[in-house]
Structure formats: structure tokens, C-alpha cells
Amino acid sequence: MTAVTSRMPIAHALNLGLRHAMEADEKVTLIGQDIGQLGGVFRVTDGLQKTFGDHRVVDSPLGEAGIVGSAIGLAMAGYRPVCEIQFDGFVFPAMNQIITQLAKYRHRSEGAVTLPVVIRIPVGGGIGAIEHHSESPEAYFAHTAGLKVVSPSNPQDAYDMMRLAIRSNDPVIFLEPKRNYWLKGDVSTSTTTPADLDKAVTVRKGTDLTLVTYGALVPVAMKAADVCQEEGRNIDVIDLRSLSPIDDKAVVASVQRTGRLVVAHEASRSAGLGAELAARIQDEAFHSLISPVIRVTGYDTPYPASRLEEEWLPGLDRILDGIDRSFTY
Amino acid sequence: MTAVTSRMPIAHALNLGLRHAMEADEKVTLIGQDIGQLGGVFRVTDGLQKTFGDHRVVDSPLGEAGIVGSAIGLAMAGYRPVCEIQFDGFVFPAMNQIITQLAKYRHRSEGAVTLPVVIRIPVGGGIGAIEHHSESPEAYFAHTAGLKVVSPSNPQDAYDMMRLAIRSNDPVIFLEPKRNYWLKGDVSTSTTTPADLDKAVTVRKGTDLTLVTYGALVPVAMKAADVCQEEGRNIDVIDLRSLSPIDDKAVVASVQRTGRLVVAHEASRSAGLGAELAARIQDEAFHSLISPVIRVTGYDTPYPASRLEEEWLPGLDRILDGIDRSFTY
Amino acid sequence: MNGEPISLLNAGGNFTSSPELPFETDSTDVLALYNDMLMARTVDTEAIALQRQGELGLWPSMLGQEAAQIGAAHALNPRDIVFPTYREHGVAWCRGVDPVDLLGLFRGTTLGGWNPTENNFNLYTLVIGAQTLHAVGYAMGILRDGDVGTGDPDRDRAVLVFLGDGALSEGETNEAFVWAAAQNLPVVFFCQNNQWAISAPYSVQSRVSVAQRAQGYGFKGVRVDGNDVFACLAATREALAAARAGQGPTLIEALTYRRNPHTTSDDDGRYRTLAENDAWAALDPIDRLRTYLQSTGLLNDANVEDISRRGKALAEHLRAGCRALPFPGHASPFQNTYADLPDELERQMNEHLEFVEAGE
Amino acid sequence: MNGEPISLLNAGGNFTSSPELPFETDSTDVLALYNDMLMARTVDTEAIALQRQGELGLWPSMLGQEAAQIGAAHALNPRDIVFPTYREHGVAWCRGVDPVDLLGLFRGTTLGGWNPTENNFNLYTLVIGAQTLHAVGYAMGILRDGDVGTGDPDRDRAVLVFLGDGALSEGETNEAFVWAAAQNLPVVFFCQNNQWAISAPYSVQSRVSVAQRAQGYGFKGVRVDGNDVFACLAATREALAAARAGQGPTLIEALTYRRNPHTTSDDDGRYRTLAENDAWAALDPIDRLRTYLQSTGLLNDANVEDISRRGKALAEHLRAGCRALPFPGHASPFQNTYADLPDELERQMNEHLEFVEAGE
Ligand SMILES: Cc1ncc(C[n+]2csc(CCOP(=O)(O)OP(=O)(O)O)c2C)c(N)n1
Ligand SMILES: Cc1ncc(C[n+]2csc(CCOP(=O)(O)OP(=O)(O)O)c2C)c(N)n1
Ligand SMILES: [Mg+2]
Ligand SMILES: [Mg+2]
């Protein structure tokens, strides 16, 4: 495969990442509901069963514990399974396998058994969906030692991070920002090393305030920075990419320059990723902080009926508001 | 039932709380594995099936989803089920019912359906147990809107909070500090109103530093405060009691006086309760903080083999170390 | 068990009695069955149209499943309670839920839409299988209320829970079977085997019939022609009667077919053929009942006209009602999360309301 | 299915062949079976003693389940792989796991104890039912490796997964049945129905036999006398052969009895009678094999002496080995959590190691 660059949406970049990973390693095996002929409800696996056959792209029965549990067994047998959970709200039947087995097996076996399992989950709201189709469960995973948790925000990362996740010898929860599946960008399949899977990336340089987010909110954060720019405020925007481990060094370095930090995510506030970032930064950059770390997040309620989601979700206005709060504290 | 005061361990206080709740309301129904004739592996339900019969103290099949799912149905039918999950590490098969159903049903039904379900879980380490028997899953629940999460630290609270939890019209995750089941204290069954279920309690007044914890670490925190006293440091110790909602006002008020905060819990650090407290306090008491909020917690690893637990758990020495860090920052 | 499902009313509209499933056609109001099947189809048709017009985000069509749903629903007593999936629009209709209220969930104005305590018809459940355990728990409640096996028809009651063929594969559904069997609960599991779980044909889930699953737990499984309203009614009646009498659970498999895509968002051309669909359209449950009614003289110009008028009124009611569905209040997520609004959430609510106001 | 389990070697030690389960006694080394059953009992007895002496925190005894475990284990080929619960000490023994390594988990020096890739014997699983899905996944791997149905005995392999009667009620176990059946996987589910899940008698879980559960999924269920080593061996052999040949899964129920408390922490006097226990002691699996061996002249002074010597050596090995089990290193939790130690965790590790050093 020779490196090419072309413009494509995130969903296609993920598809390409899967395809190239499957070409590179015949042990890579996909399992999930409706991922074969249908190509997944978001078409992320489109065409892969046709190319690789139904032994490598497995349409599973309707059981999430079965998907993750069998992936664990497949990994023990030397495979590299990539699971698809159809929607964020349907990962919970698999929680027992994820938390008590997948995350702990390497530790339990004192390193003798590694489980290179990737669990792909379309996450987040903003698509006008019904209940359970708009959730952001990342904190459950980030609190679980033994899992890596990542989320790409753009097509290039989608491609690169998919390949890195599949190559990882640790289990990876791979959160796909579903409302941006059709967001386009250039994707190079070049083999020059992409940013490590666990590194944050500064997507916009600024001096006055650090804005950290991930996944679907990255483009919103960029817009917020644009607006601030017009007001003469220079925002450093960090795309976290990895939610566990968290690249707090990158955030600390930025806050040491800016003195202010706003964290945005769609998940509920309490005990979310924003809490973790606030806790680390107030500790590691205590004397740098001019004002408190501000969290702009989903509220501590269940995800609401979709007619309310626009106001419930942290959007451009609420992020700007958070930035304001930080500056005017 | 006339009010009496007597000395008893936490396990008996819980048992008494259950018994009195069952006497007061015939709809209170217990479901769990081995809770009948055996009285539960910790004997918390000892004797209750004998008194109330096997329709009110139900020995369930071995399925946690079934325990919580059927409790939801029972609650819909007008009952007030109290579930027992045998150990902290075995709650995960019930996660789907807890997160997608129990926590969300009131919201989904726009208040038409309330689910007064209590889920009792013995939690925490320090008892030399095998895997899955020493965990602290509170953050998963505290991150889930719609659940109340509480944990008593002493016999009186065990009794009072059990009754309040059962009376609550919201689902309550009731975390029992298993290593202190046999810790004794006076219990009054008086009907004078106990502290609200969602209120923190200052268990020791101090002026120099605020130490917040809950459950099994409260006695350890008290010991730490004793040690500090000898060194002339005056520690305010807060027993959080409710982990969701969090009574942050109580903590803020204390930190406004002391300027320093240490939070201790057994659960892993990342995205744990300590993170949430740090995030809130650095925000709400920003100018009061003399040094960063310090977290003394379990590490971001799975709970280790029991021969390592004493050093892995945040014990007296590590809490004192955290306090030191705060003072010497 | 894997053989032919029991059929009473065949595709040609002929009624034949079966020794396996006793049923007398005069034991029920056949015209009411017909009416309800047509009304269910009207609800479905209108909802699809509303979705096309952008009034609904999504609609899970029940086209082809009218006999299963109306048959099952007509076996219910008012005191029985139903736990549906998300596709039981016909059952909702029979239970007296205003069909406009079914639309809110798909319009995004609510996550529920009706008060489940009012018609003994619970909220739709979107998490596959989850409702089977609620049904079991409710049945435990009925048992504890003493409302089983008293012989008093105004007292005895049972639970009817719906599930799809795909739901058979979820662990929770199987735990529900365990509990129902071991505790001999008054619950009837009604599985509409419409042969597809989105793109997964039933063969992905199982190599034997749905009804056979019950054998593994030691209770009765019955397999009926799901496009035959008599068979569905008769099987459900028998099962509910047994449940109310304290004889425990039954699993009913109504073998049918989901003739529309999974939802309006689905593209079923990717995974199945038109020919298959055509074959099932030829087995339409409403057509065969119409033929039967015509042949028995129960259908006449007057009631045809009457039903048609009611259908039109219903369609109009849906169109107007949908657009008039109230939007949720800005404070509603906060107020509905807990019975007692916690302080922190009240602060979030106030922060939010200020924000919303500022924006307006 | 709920009738009498198949028995080949009765309580009196008499062998009778059965048309349902072909087995020839000269198809196996009967003395080796006897030896392994005795060694398993030795491991169990010594571990209980070590627990009493405070060397182990806990021990789940397998007393009474020797025939089930040794019978099943002797049906394995080296290339087959085993997924145990936490009670398969006898199977571990047959697989060549050093029994001292079984103790670490209960001594608190490790959460595992052996390298599961070395003897095709996985780690103990404490979460009831979880291993059944791992077994299914592994079987999917075997299928994909092409190591099923080739007819080459050095190539074909299968998975043998153990579970208890209580595990039948976990959703995950039932999902494993769904997957195994629908995909026709080379996996054998071996359920030791020891009639108790801690204090819950089997009637809490089910009203029909364990073996019958398989019918609901459309694969074979077999019920054997779990105290009869021949029946357990024969049934497992047949099932593994079928699995290796590509004929799919089997569920074996070995009806037996857990004669000791659930673990050394349990108090079974609270929930069952001594009389029940005595009745099962009279059906002891080792006694009946000894009688058989004596009657067939296979047991003589020399090999009795030999086995006794080996038993003593094993006991000594366990006592010495247990005390010599290495304590885990302070850094081990950190180093074993991820393949690549993350920065933050390295910081936590260093913080911790400094702390530990300061305290020493
Ligand atoms: C736990 C869970 N996993 C996945 C989904 C996504 N999903 C929605 S409907 C469906 C198929 C359901 O099939 P079936 O049970 O046969 O019901 P039908 O739609 O045919 O009525 C799936 C996989 C879900 N809703 N819940
Ligand atoms: C998911 C889960 N729930 C609860 C427990 C606690 N527990 C440990 S053993 C056991 C009983 C298991 O019974 P069974 O499956 O019959 O196996 P046996 O102990 O009889 O060998 C229970 C309830 C557990 N380990 N895992
Ligand atoms: Mg279906
Ligand atoms: Mg058992």
C-alpha cells in the first residue's frame, strides 16, 4: 500500500484505518451487530465483509456481553478483535466483561496475557436521536485502570488512531464522535509516524487561556477560539485525543503559559473528565492558575429529549460563556 | 417500637435498620443472593427471612441483572425493593439495568414513575480477600445522574441512613464499608430526625486543614487528625456520607476557614470522587486555597493481590503524607 | 417445535380449528379485531408520512405485525399489564394510549410520552431485552399482592411482555426466563419473531425456533402463525389465563415479518431481497381477516364505511396532534431527574435557565 | 432429561455399560484416573489444612467432585484448552499445573498464579459465568485457525469450559450458549451441578435439569452421574470429539454434590442438613472406583503403596511450596496494568515506591 492523501469524512477514514489494519495483520477480526452486509448503522465497516469474508467481519448475535466476552477469548487465541458497540447507550450490558475481565486480565496474569481488543463506540449527542443514542460514557472507562480510552476529532486522527489502537497490546476503548462522522478533512496514509495514541495535540496556539476538549467538541472549541480572537483573546486549544491515560503534561505546560483553563465535554459534569483535569491542573499548576478551572459540560441529568439537546449540550455559546467566566473571575 | 440506644457493630445496625423499615412498611422487600437462610455472606440480613417470610426476603437466582431488573419491576408494582449485591466486584452484570433503567426511569417518564430501589453493596478493601471482593465502584454511580450514592461510616449512620435510603423515592446505591462491619458504636433508634441522607457531617472540628473522606476511611482520618493534633495541627474532618449528590457547601465552608483540603478514598484516582471534590472546591473556594487540593487514593491499577493491599490502600501514613504535602506545599 | 407454527386462519382467509389451540371465532368480537388492525396500520402509515415530512426523527414501523399485536392485545384484561418494546403501536392502541402520545419519543419532545400507570401499558423500552426483567419483577409484585390463582376474574392478573427475535440473545432476557421459571411467575413472554434484528436474520441468533427456548427453562413455548390474528389471540389468551391461574410463564412465538425497514433510517435493500418481502406481503394479516369477514358476512357497507371514517379521523388526529405536541420545558431535565432536586443540580438548573433566558 | 443421570459405575463399584453412552473400561488407564482423583483430594485436603493454619485466606473445596473433574480432564487432548471456574483443582492437576501455584490466589500473593498459555489451562475466573464467553471466543479462534473438522488428530482441538449450577442463571452464560449454538462452535460446557450455589439449592435457579437448558438453544445436553468417573470421562470424550469434528457444542451436566462448605469461610450448617451430606458421602466417587479396581484386580499392594507415597510427597510439596510462594513486588500492580506504563502511572509508581522505601 502506497501512501496517498485524499479528502474524506471521519467515517471513511475509520473505514480505511480498519481496512489497512486488516490488510496488515490477518489476525485483525471485527465483531459487532450489523457490521457485515449492512456495514454498520453508520457504515463505518462498509465493504469490509465483502473484502475480508464473514470470518473476519462477524455479524454477531444481539448481545454486548457476548461481543466483548468473545473478543477476549479471541484475543487469548491470538487474534486482534475490534468490537463495534452500535451506540453509546448500549455498551452497558458489556460492562462486566469490560471492567472485570478485559481491563484486569493483564494484571491478573502478571503480564502473561495481553488482550489487544479495541471497542469502537459511536458517542455523543447533537444528532436528534432517541434515548440511549447520544451519550458520552467515557468517564466510566477512564476511571477503570487497565483500559486505554481515546477519541479522534478529525479524519487524519481517525485513520491514524484506529491503526494505533489496533496495534496496541492494551485494550482500547475507541470513542467515535458520531455527529462528526461526515466531517471532512485530508487523510494521508503515509507511514511517517503519527502522534502517539496517548498524546494530546495543540490544535491552535494561544497565550491567554487554555481550552481543552476532545472528540466532537474540538471543532466547536476552534470556533470559540475564533470568536475570542476577534475580541483580542488568544486561546490555546488542546485536543486531548487520549482520555486515559491523560496527557496532563501537555495541559500543564499550556496552563503555565496562559494561567487559565476551560475544559469542555458533553458528558455529565460530576466525576467526569473535566473533574479529573481540574484536579490535576490545580495540583500541578497551582501557582500558575489565575482563575479556577472552569468546566463546561453536560448537566447532571440524563441526556434529554432531542428537542432540548442543543441547549443541554455545551455548545459554542456555553463554551464562550465559560471562557468569559474564566477571564472575569 | 420504642426508641432504645445500644451498642452494636455496623452490620447489626444495618440489620436493625432493615428490620425496622420492614416493620414500618410492608412493601419493603429484600432481594439478593444468599440473603435468606444464610443471612447474607456478611449476615446483614440475618434472621429477616425468618421474621418476614420468603416473599419479603427473596433468595434470588445467581444473576445481578435479574436482581436489579426485577427490583425495578417490583418498584413499578408499588414495592420498595432493597437489593443486595454480594460483593462490590459483582455489581457490573447489573450495570445496564442500573444505568439505562433505574437511574433514568423517573426522567424518562417525566416524573410519573419513581423507583424507590435501594442497592446495598459491601465495598472496599483491607480484608485480605481474593479478587473482586475489595473494590470501590462509587465513581461509576456518582457519575450517573438519577442515582443517589451514600455510604455510612458508623453504626448510628448505618441505621439511620438505611432507613432514609429505603424511604427515599429515588434509587439509592448504598455502599457498606465492609471492613468495618464489626466496628461498634452506640445506636439510638429514636425517631428524632437524623441528618439528611444527602448531608455531610463534620466529625471533628479543626482550623488548619480540611480532610474529607467517607465510609471505611473515616476512622482512619480521625486517627490522622489525632496524630496531627500532637504536632499542633488542627484538622477539620468531614464525613461526606453522600457521594451523590455531594454536599460541597459543607466542604467549601470548611475550606474557607482552613485553606487546605485533602480528600481520601480507596477507589482509583482518575475520575474518582476526589477529582470531583477537587474540581468543585478549586472553583468554589479558589481564593481560599493556600495549597492545591491533595488526593490520597487507591492507585490507577486494578486492586492488587491482598498481600499488597495494605500498601496500596490509602492508610494512615499515606493520609498523613498527603496532609504534610498540603502544609509544606 | 421447529415445525410449522399453529395456524387457525390461513392466508386464504379460511378458519380451521386446531386440536393444539382451541379457539372459537364467536368468543371474540372479530370486527373489533379487524378495526384495531386497521387503526394500527393507520397509525403506522401516518407516522411514516410524518417522518417523511420531517415531523418525526425516526419511526419504527410495525407493518405486517398487526395480527400479532392486536391478537395479543385482545387477550388482555384491563388489570393485566403490558411491557412493550418500541414497536408495539398496535398494542398501545388497544390499551387506550392516545397514538399521538407515541409520537413524542420520535419527535424528540419527550423520552416517554404517556403515563404508564394510567393504561397498564408501560413506556417503550429501547434497550433490547431490558423490559423482560421489569416484567418479571412486576409479576413478583402481583404474586405478593396475592392477585394470582384466586379464581376471582376481577382480581387475578398477569404481565404480558413483548420482545423481538433479536432480544432472545441478550443475557437479560435469559435471566428473565430463569426467574420466571424458577419462581413460576404470572408472566407471558410474547415474541414477535419478525425474522430480522435490523440486518441480522434470525439464523444469526439461533438455530432453533424461538418457542423452543422455553424448553430449556422448563416452561411452555408455543409457536403460532404471527399473521393469523386468531392464533395470536388464542395462544395469548391461553397463556394469560394460565399465568393468572398461577400456572406460571409461557413463551409465545408469533412468526411474522417486518415488512418495512427496521426504522425509517434503515436501508433494508442492503441485506434482504424484495422477493422475500413480496412473499410476506402476500400473507398480509389484514387481507386474510378481511376475506374471512367477507366470507362470513360480518363485513358490510355500513361497517366498512364506519371503519374508514374512523381511520380518516385518526389520521387527522395524528397529523394535527403531532404538530401540537408540546416542547419540553427548559427546566424539565433538572426537575425530573430526582424526586428531590439536589442543591448542586438546582444550581446547574439556575445557571442553565439564566443562560437560556439570556439567549432568548 | 430430568430423569436419572446416566451411570456406568454405580455406588457399589460395579460397571454396567449403557446404550446411551458407549464406553469401554480398557479405553483408558483406570489406575491413572484413580491416582489423579486421589491426588486431587490430597491437594484439597492439604489446602484446607493450610487455610486452617492461616496460610491461606480462603479455600474452595472440591471434595466430592473428583470424578467429575478427573473424568472430564482425562478426555482432553493436550491441544484442547480449558477455562475453569475457581474450583477445578483436579483439572488443573491433570493439566500439569503445579498445585502450589493454585494456592497463590488464596494466599493473596497473586490474582493469577500460573501462565495460562503454558498448559492450555486458563486462570481461575471468580466472576460467575464470565469465562463461558471467553471459551466461546477462543472457540471462534480455533474455527478461524482451521483447527476443526480436519480429521487430523494432531490438529483438531476444542475448548472445555467449566461452570457451576449457579452459573446457569447468569445472563453471560446464556449468551455463551447463544453464540456457541448459532455459530456451531467447538466448545463443551461442563457443568458440575453440585446442587448448591453457596446457600442456594439448585431449585432456586431452575425447575428442570441443567442438561435440559441446552435444548432451548438446540444443542445436545447430557446428564451423567457426576460421581461416576467413567460416565464423566465418556460423556466428555464424546462431546469433545464432536466439537473437534465440527459438530458443535454440548452441555454436560455432571450431577454431584459439594460436600464441604462453599469455601472455608462458609457455614453450611445454616442452610443444609448433615443427613444430606452423609447420603452423598456414601456415594463417594473415589470409594466406588477403589472397589471397582479391587474387584478387577487392578489394585495391588505395590501400586497402592506407590500412590500413597506420591500423595505424601505431594502434600509435603504443597506445605513447603505454599510458605515459599513469593510475595508480589511493590511495583507489580503498576507494571502489570498496561503493556506500556503510562506517564501518570509511572509517577504514581514512583511516588509509591518512595513511600514504601521510606517506611521500610
Ligand atoms: C442492548 C441493545 N443493543 C443494541 C441495540 C440496537 N438495536 C436497536 S433495535 C435492534 C434490533 C432488535 O431486533 P429485534 O429484537 O428482533 O426487534 P425488532 O426490531 O425486529 O422488532 C438493535 C440491535 C439496542 N437497542 N439495545
Ligand atoms: C457475578 C458474580 N456474582 C456473585 C458471585 C458470588 N459467588 C461466588 S461463588 C457463588 C456461587 C456459585 O455457585 P455455582 O455456580 O453453583 O458454583 P459452585 O460454587 O457450586 O462450584 C456466588 C454467588 C460471584 N462470584 N460472581
Ligand atoms: Mg426482529
Ligand atoms: Mg454449585
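Order of the sequence lines fixes the chain letters, A, B, ..., with proteins taken first and strands second; residue numbering starts at 1 for each chain. None of these values were measured; they are calculated from a predicted model.
- Ring-plane geometry between A/Tyr140 and B/Tyr140 is classed as parallel, the angle between the planes falling under 30 degrees on a 0 to 90 degree scale with a further cut at 60.
- Of the two parts of A/Arg106, neither the backbone nor the side chain holds a non-hydrogen atom closer than 4.5 Å to a non-hydrogen atom of chain B.
- Chosen from A/Pro302, A/Ala279, A/Ala145, the residue pairing most often with chain B at heavy-atom distances under 4.5 Å is A/Pro302.
- Ranked by non-hydrogen atom pairs under 4.5 Å with chain B, the options A/Ala139, A/Pro137, A/Ala103, A/Ala305 are led by A/Ala139.
- In this structure the side chain of B/Phe286 reaches within 4.5 angstrom of the side chain of A/Leu289, judged on heavy atoms.
- Considering only heavy atoms from C-beta on, A/His143 stays 4.5 Å or farther from B/Leu273 through its side chain.
- In this structure, A/Arg269 CZ and B/Glu276 CD are separated by 8.5 Å, a value rounded to the nearest 0.5 Å.
- Proximity to chain B (any heavy atom under 4.5 Å) is shown, for A/Leu147, by neither the backbone nor the side chain.
- Summarising the geometry, atom OG belonging to A/Ser270 is positioned 11.5 Å from atom CG belonging to B/Leu243; distances are rounded to the nearest 0.5 Å.
- Only the side chain of A/Ile99 comes within contact range of chain B, with at least one heavy atom under 4.5 Å from a heavy atom of that chain.
- Note: B/Tyr303 and A/His107 fail the aromatic proximity criterion, with ring centroids not under 6.0 Å apart.
- Heavy atoms closer than 4.5 Å to chain A are found in both the backbone and the side chain of B/Thr144.
- Ranked by heavy-atom pairs under 4.5 Å with chain A, the first of B/Asp300, B/Val91, B/Ile246, B/Thr100 is B/Thr100.
- For the pair A/Gln282 (side chain) and B/Ala278 (backbone), a donor-acceptor distance under 3.5 Å is absent.
- Counting heavy-atom pairs closer than 4.5 Å to chain B, the top residue among A/Gln97, A/Glu64, A/Glu131, A/Arg280 is A/Glu131.
- Side-chain contact between A/Gln101 and B/Phe92 is absent, with no heavy-atom pair separated by less than 4.5 Å.
- Residue with the most contacts toward chain A among B/Glu284, B/Glu135, B/Met95, B/Arg108: B/Arg108 (heavy-atom pairs, distance under 4.5 Å).
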